[in-house]
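Here the structure comes first, spelled out in structure tokens, and everything after it is commentary.
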Amino acid sequence: MRRVARQGLDAWGPQQQTRTISKKAKEAERNIVVKLLQDVPRFGRAGSYVPLNPAQMRNRWFPARIADYVPFTQMKQMKAQEVLIARDFTFGVKVNLEEVDEDDQVFLDQPKRYVRPIEIDVLSPERSMALLNAFVPPTIDFSRQRIEQEKERTRYGASGAADVLTAAAMASKSKTPANAIYGSVSTSDIVATLKAALAHNDEAARVILNEADVRFVSGHDQDDPSRVKQLGTFTVEIQLPGALEPLIRTIRVKEKTTAS
């Protein structure tokens with residue numbers, strides 16, 4: 001009787017099941033490991049290693065220098081050293097402080113696993129200045145459109161009052177310098193051009209350069225020392241925090257030629 005009953009149970013036993021992978025699991029398998037170059041809310045601090053969708057890295061994060069790719073050889077070393085590779089969903093998110101419950105206090109008192117801190121390789125000011133000197137040419141050119149000066153027109157048969165008004169209008173327009181331009185060339189324009197020159201080298205792309213690190217030595221606008229509003233040649237100083245001597249470069253603002 002036991003044998004007959006067992007045969008009946010075996011007929012209803014576990015059968016082979018087909019495992020289906022969820023959409024979230026498929027996305028996790030496609031993710032790659034990247035190194036954050038700056039603090040990103042809900043991902044982590046600069047220097048952290050997080051998984052990321054390859055398309056998002058290729059189209060947004062890598063061009064904007066938010067993160068960098070991790071070479072395969074470095075990945076092997078990280079796995080050997082058990083470096084933490086995880087996204088911090090709570091980083092940069094403000095939460096309200098609440099009173100700790102007794103059950104939560106027991107959990108907090110438990111010993112925590114030691115996580116090895118990640119060393120961020122930051123370039124020294126001297127090395128950054130050396131890379132700037134190597135990749136930034138002595139002269140940086142900008143093109144701007146010149147403001148055309150209105151020529152004085154001779155009026156025949158006009159009254160004396162009209163001549164006075166015309167002369168006053170021409171005098172007000174003559175205050176505009178002959179080499180004045182539409183718009184300006186600012187320190188932010190210079191910083192953007194310098195970063196584009198540094199982006200062609202992996203090490204030089206790590207140089208941290210801000211608008212405050214660049215200033216015009218002469219020729220700048222009286223109301224705004226961070227920009228020039230005329231054609232000509234000007235001198236700028238580039239000095240990073242901690243650097244001993246500034247880097248001198250020439251800014252040349254040329255007239256933009258329009259194709260006829």
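Residues take their numbers from the sequence shown, with the count starting at 1.
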>> Test of understanding: with salt bridge (Lys or Arg N to Asp or Glu O under 4.0 Å), list the residues that count as partners of R58, not counting sequence neighbours.
In response: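 Counting only residues at least two positions away or on another chain, R58 forms no salt bridge (Lys or Arg N to Asp or Glu O under 4.0 Å).
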
>> Centre-to-centre under 6.0 Å for F43 and W61, is that the case here?
In response: yes

>> Test your reading of the model: is there a side-chain donor-acceptor pair from D213 to the backbone of N210, 3.5 Å cut-off?
In response: yes

> Is the backbone of N31 close enough, under 3.5 Å, to the side chain of N53 for a donor and an acceptor to pair up by distance?
Replying inline: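 A pair under 3.5 Å: no.
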
> With hydrophobic residues grouped by side-chain heavy-atom distances under 4.5 Å, do L84 and I32 end up in a single group?
Replying inline: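 Looking at the clustering, I32 is in a separate group from L84.
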
> Is there a chain of hydrophobic side chains (I, L, V, M, F, W, Y, each step under 4.5 Å between heavy atoms) that links L194 to L123?
Replying inline: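 Per the 4.5 Å side-chain linkage, L194 and L123 are co-clustered.
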
Measuring only between side-chain heavy atoms, which start at C-beta, is [X] closer than 4.5 Å to [Y]?
{"X": "V214", "Y": "V191", "result": "yes"}
{"X": "D88", "Y": "R42", "result": "no"}
{"X": "E237", "Y": "R215", "result": "yes"}

>> For R45, is the CZ atom crowded, meaning more than 12 foreign heavy atoms sit under 6.0 Å from it?
In response: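 No.
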
>> Around atom CD1 of I208, are there more than 12 heavy atoms from other residues, nucleotides or ligands closer than 6.0 Å?
In response: no

Going by atom types only, do [X] and [Y] share a side-chain donor-acceptor pair under 3.5 Å?
{"X": "S188", "Y": "S186", "value": "yes"}
{"X": "E211", "Y": "T187", "value": "yes"}
{"X": "N133", "Y": "R249", "value": "yes"}

> Parallel, tilted or perpendicular for Y69 and F62, by the 30°/60° rule?
Replying inline: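 Y69 vs F62 ring planes: tilted.
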
>> Test of understanding: with side-chain contact (heavy atoms from CB on, under 4.5 Å), list the residues that count as partners of V70, not counting sequence neighbours.
In response: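 Only V33, K35, Y49, Q74, M75, M78 meet the side-chain contact (heavy atoms from CB on, under 4.5 Å) criterion with V70.
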
> Quick one: which of V185, V236, D189, I251 gives a side chain to side chain contact (heavy atoms under 4.5 Å, CB included) with I140?
Replying inline: I251

